[in-house]
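Read through the structure below, which is laid out as structure tokens, and then see the notes.
A quick note: this is a predicted structure, and the numbers were derived from the prediction, not measured. Counting from 1, the numbers follow the sequence of the chain as shown.
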Amino acid sequence: MGQDQTKQQIEKGLQLYQSNQTEKALQVWMKVLEKSSDLVGRFRVLGCLVTAHSEMGRYKEMLKFAVVQIDTARELEDADFLLESYLNLARSNEKLCEFHKTVSYCKTCLGLPGTRAAAQLGGQVSLSMGNAFLGLSLFQKALESFEKALRYAHNNDDTMLECRVCCSLGSFYAQVKDYEKALFFPCKAAELVNDYGKGWSLKYRAMSQYHMAVAYRLLGHLGSAMECCEESMKIALQHGDRPLQALCLLCFADIHRSRGDLELSQLKLHCLSEGICRSKGLQRELRAHVVRFHECVEETELYCGLCGESIGEKNRRLQALPCSHIFHLRCLQNNGTRSCPNCRRSSMKPGFV
């Protein structure tokens, strides 16, 4: 396969990938890798494979292709290609939580002699290094790296990089428990997506919404957290972004746990009040607290709003609606209504919880 045919096949794979036909795109790119004799083309297709496997959460495969790309860059004897391949190697190790290796490869990138790509990729190297320092809980070094990446973004008008740095800063401030800033930076990222992101991948919107959801939950704004997390999950499902799907599921769990903590405290309050009333012989107050106690128990128990059976006792497929009411999937299918049976909201579009 020659140079022109290699370019055509890489472009064909990109078109398939952008239309969410990921497996077909991978097949095209793997065929190029097997048959192409063009080293530059092979280097480019390896970059496509690294990115695709990263977004699918196949981090070991991502690392494998990054290592092959390093070897290809060495054959090409080009400093720009070498910088890009070391950056992909750093990112692969970052995804695998090999943070010390990530820092080492990032330092290798920064230590390479001056290249044309340095101005373009230097900010991404600093961002990856910051994420690694954050993983190692080296907060001062992480912040310094993020600030350096942000300067690269501003100096080069790279709003896409700025968006990614803002999301990482959201994670940073969430870990150091400055929840106002943990919300500010993802909100800034969301603004960048709205203002400049018309031609960007939807993953940037999904990232900003996820980090906003985390911050809102930490601030106790659970309704806003749920809205942002559902938006992020929607995009993650559309694009097959399994790592983001996993993060959203964890966020959903944290939101529901936060809601459940309030219900649990109500139960404890009524149990305590019942004991006090019983000890003092206050029968009417005792009866009221017993009734409220059982009401709380029923509220914390999940029931299907159609068949009335308890949810969670048997292995059955469930469906959550956007209003957060949960039913057995079969009950919804058999019911035939176009609104939620509990609250009568008109949309029956599936939720993501």
Side-chain angles (χ1 to χ4, degrees), residues 1-18 20-118 120-129 131-132 135 161 164 201 203 239-244:
M1 187 182 292
Q3 187 176 16
D4 291 339
Q5 194 176 359
T6 298
K7 285 182 179 179
Q8 290 173 0
Q9 290 300 304
I10 291 174
E11 185 60 35
K12 179 183 176 181
L14 285 170
Q15 290 172 358
L16 288 167
Y17 188 72
Q18 288 164 2
N20 292 329
Q21 299 182 64
T22 306
E23 292 301 329
K24 288 184 179 179
L26 292 178
Q27 289 172 12
V28 170
W29 289 331
M30 287 302 297
K31 191 173 180 181
V32 172
L33 203 58
E34 290 169 11
K35 298 191 174 182
S36 178
S37 57
D38 175 30
L39 278 178
V40 174
R42 287 173 61 82
F43 182 88
R44 293 298 174 210
V45 84
L46 283 163
C48 293
L49 288 164
V50 167
T51 300
H53 284 92
S54 171
E55 294 188 354
M56 290 186 292
R58 300 175 183 174
Y59 298 138
K60 289 184 179 179
E61 293 295 307
M62 178 189 181
L63 178 61
K64 182 181 79 174
F65 289 117
V67 170
V68 177
Q69 193 184 42
I70 282 275
D71 295 335
T72 307
R74 285 173 178 153
E75 283 187 65
L76 287 163
E77 297 181 343
D78 185 292
D80 287 326
F81 289 141
L82 203 58
L83 172 59
E84 186 178 336
S85 57
Y86 269 114
L87 175 57
N88 280 332
L89 198 56
R91 285 174 173 164
S92 302
N93 281 281
E94 177 196 329
K95 297 296 186 183
L96 290 165
C97 299
E98 295 282 359
F99 298 126
H100 288 291
K101 289 182 180 179
T102 303
V103 172
S104 176
Y105 287 125
C106 285
K107 287 180 177 178
T108 301
C109 290
L110 296 174
L112 289 172
T115 64
R116 295 186 304 276
Q120 182 183 1
L121 298 180
Q124 297 182 38
V125 173
S126 294
L127 174 59
S128 189
M129 186 178 285
N131 289 333
L161 173 61
R164 291 171 58 199
S201 166
K203 72 177 183 180
H239 287 261
D241 189 338
R242 294 185 65 79
L244 184 56

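Within the structure, salt bridge (Lys or Arg N to Asp or Glu O under 4.0 Å) contacts touching residues 97-106 (residues at least two apart or in different chains) do not occur. Among residue pairs with one or both ends in residues 22-35, those qualifying as salt bridge (Lys or Arg N to Asp or Glu O under 4.0 Å) are Glu23-Arg58; sequence neighbours excluded.
Residues that satisfy the side chain to side chain contact (heavy atoms under 4.5 Å, CB included) test with Glu11, not counting sequence neighbours, are Leu14, Gln15. For Arg44, the salt bridge (Lys or Arg N to Asp or Glu O under 4.0 Å) partners are Glu84, not counting sequence neighbours. Qualifying side-chain hydrogen bond (donor to acceptor under 3.5 Å, both in side chains) partners for Thr6, counting only residues two or more places apart in sequence or in other chains: Ser36. Shown here are the salt bridge (Lys or Arg N to Asp or Glu O under 4.0 Å) partners of Glu61, two or more places apart in sequence or in another chain: Lys64. Contacts of Lys7 classified as side chain to side chain contact (heavy atoms under 4.5 Å, CB included), with partners at least two apart in sequence or in another chain: Gln3. The side chain to side chain contact (heavy atoms under 4.5 Å, CB included) check on Ser126 picks up Lys148, Ala149, Tyr152, with sequence neighbours excluded. Evaluation of the ring-ring contact (aromatic ring centres under 6.0 Å, His included) rule for Phe43 yields Phe81 as partners, not counting sequence neighbours. Qualifying side chain to side chain contact (heavy atoms under 4.5 Å, CB included) partners for Lys107, counting only residues two or more places apart in sequence or in other chains: Val103, Met129. For Phe65, the ring-ring contact (aromatic ring centres under 6.0 Å, His included) partners two or more places apart in sequence, or in a different chain, are His53. A search for ring-ring contact (aromatic ring centres under 6.0 Å, His included) contacts involving Tyr17 returns Trp29, not counting sequence neighbours.
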Using the side-chain contact (heavy atoms from CB on, under 4.5 Å) rule, take Lys60 and Leu63 through it: C-alpha gap first, then chi angles, then the decisive distance, then the call.
CA-CA 5 Å; Lys60 289 184 179 179; Leu63 178 61; 5.6 Å; no
Can you list the steps and then say if Lys203 with Leu244 is a side-chain contact (heavy atoms from CB on, under 4.5 Å)?
CA-CA 9 Å; Lys203 72 177 183 180; Leu244 184 56; over 6 Å; no
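Pairing each heavy atom of Ala66 with each of Ser92, the nearest pair is CB-OG, 3.6 Å. Considering all non-hydrogen atoms of both residues, Ile70 and Leu82 come closest at O-CD1, 4.5 Å. Between Ala90 and Cys106, the shortest heavy-atom contact is CB-SG, 3.8 Å. Considering every non-hydrogen atom in both Ile10 and Gly41, the closest pair reads CD1-O, 3.5 Å.
Between atom OH of residue Tyr86 and atom OG of residue Ser104 there is a gap of 9.0 Å, rounded to the nearest 0.5 Å. A distance of 12.0 Å separates CD of Gln9 from CG of Asp4, quoted to the nearest 0.5 Å. With values rounded to the nearest 0.5 angstrom, Asn88 atom CG is found 9.0 Å from Leu121 atom CG. From Leu83, atom CG reaches atom SG of Cys109 across 5.0 Å, with rounding to the nearest 0.5 Å. Distance check, rounded to the nearest 0.5 Å: CD of Gln27 to OG1 of Thr22 gives 11.0 Å.
Within the 4.5 Å cutoff, no side-chain heavy atoms of Arg42 are placed close to those of Gln69. Here the side chains of Thr72 and Ser85 are not in contact, with every heavy-atom distance at 4.5 Å or above.
Partner of Tyr59 under the side chain to side chain contact (heavy atoms under 4.5 Å, CB included) criterion, chosen from Arg91, Glu94, Lys95: Lys95.
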